[in-house]
Amino acid sequence: MGDGVEDLAAYAKDQGAEGYDVHEVRVCSCASCGHQVFGVQGDLEECAVQRTCRGCGAEHFIADSGEYWDVMTPAVMVCECDGDGDEEDFNVAVGYSLYDDNAGVRAIAVTSRCVACGRLGYWVDWMVRTGDLDLLDLA
Ligand SMILES: [Zn+2]
Ligand SMILES: [Zn+2]
């Protein structure tokens, strides 16, 4: 259980990404309004996650998730605390495993905290293998 986004960030760091150490964690904040509560949808088999701001409705693809979104079959993420299938509210944090000397992003992992019950969850991780550190700003 996590009391807030600090606990979520610590969780994301501890969990790693694709088995590698996580070096940087970004707690997701809406670029438009600054809210930190989101609905989450994704295609976990294809490794893509989109978050929707509960404050203003802005949609954002996490890291490189948007590249193949057109061929994805995203599902709405729900928490165990609510079995009725309604969309739930999450804080979201992205863990980044970096290459030596911060030469790029090796892998990322998407984690969340259910706002209703505090449950910390690990949605998906995937290999990125890019030298593009801009992904750190696309959590
Ligand atoms: Zn917003
Ligand atoms: Zn919950």
Side-chain angles (χ1 to χ4, degrees):
M1 294 297 161
D3 288 334
V5 293
E6 296 80 15
D7 287 352
L8 173 59
Y11 172 81
K13 177 122 183 156
D14 286 348
Q15 294 299 305
E18 286 279 332
Y20 296 99
D21 286 344
V22 161
H23 305 94
E24 295 281 343
V25 174
R26 294 288 185 272
V27 174
C28 299
S29 295
C30 177
S32 299
C33 75
H35 269 59
Q36 293 186 319
V37 178
F38 304 94
V40 180
Q41 56 178 328
D43 185 331
L44 301 188
E45 285 185 22
E46 300 293 341
C47 300
V49 180
Q50 183 186 54
R51 56 176 170 79
T52 303
C53 177
R54 290 295 192 230
C56 72
E59 296 178 337
H60 174 78
F61 293 112
I62 290 177
D64 56 356
S65 291
E67 275 179 47
Y68 303 106
W69 193 256
D70 288 348
V71 297
M72 303 278 179
T73 49
V76 173
M77 301 297 138
V78 296
C79 178
E80 288 176 356
C81 70
D82 184 0
D84 65 5
D86 282 338
E87 291 192 39
E88 276 152 301
D89 296 338
F90 296 98
N91 300 130
V92 183
V94 181
Y96 294 83
S97 178
L98 304 180
Y99 290 113
D100 291 345
D101 301 324
N102 294 343
V105 178
R106 178 192 285 120
I108 75 172
V110 180
T111 64
S112 70
R113 173 185 168 276
C114 174
V115 173
C117 74
R119 185 172 184 276
L120 298 170
Y122 195 94
W123 289 122
V124 62
D125 51 6
W126 67 86
M127 297 300 292
V128 178
R129 296 192 185 92
T130 177
D132 184 1
L133 288 173
D134 289 351
L135 292 184
L136 286 166
D137 298 323
L138 294 175

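What you see is a predicted model; the values in this text were computed from it and never measured. Note that these values count all heavy atoms, side chains included, but never hydrogens, waters or copies made by symmetry. Note that ligands are numbered from 1 as they come in the structure, with each ligand's atoms numbered from 1 the same way.
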Angle subtended at the Zn ion (ligand 2) by Cys79 SG and Cys114 SG, to the nearest 10 degrees, is 110°

For Cys117 versus Met1, what's the shortest heavy-atom pair and its separation?
O-SD, 3.4 Å

Please find out if the Zn ion (ligand 1) and some N, O or S atom of Cys30 are separated by less than 2.8 Å.
yes

Just to confirm my numbers, could you give the angle made at the Zn ion (ligand 2) by SG of Cys117 and SG of Cys81, rounded to 10°?
110°

Would you name the heavy atoms of Ser97 and Ala17 that are closest together and state the gap between them?
CB-CB, 4.5 Å

Would you mind reporting whether Leu120 and Leu8 have side-chain heavy atoms less than 4.5 Å apart?
yes

With a sphere of 6.0 Å drawn around OH of Tyr99, does it hold more than 12 non-hydrogen atoms of other residues, nucleotides or ligands?
yes

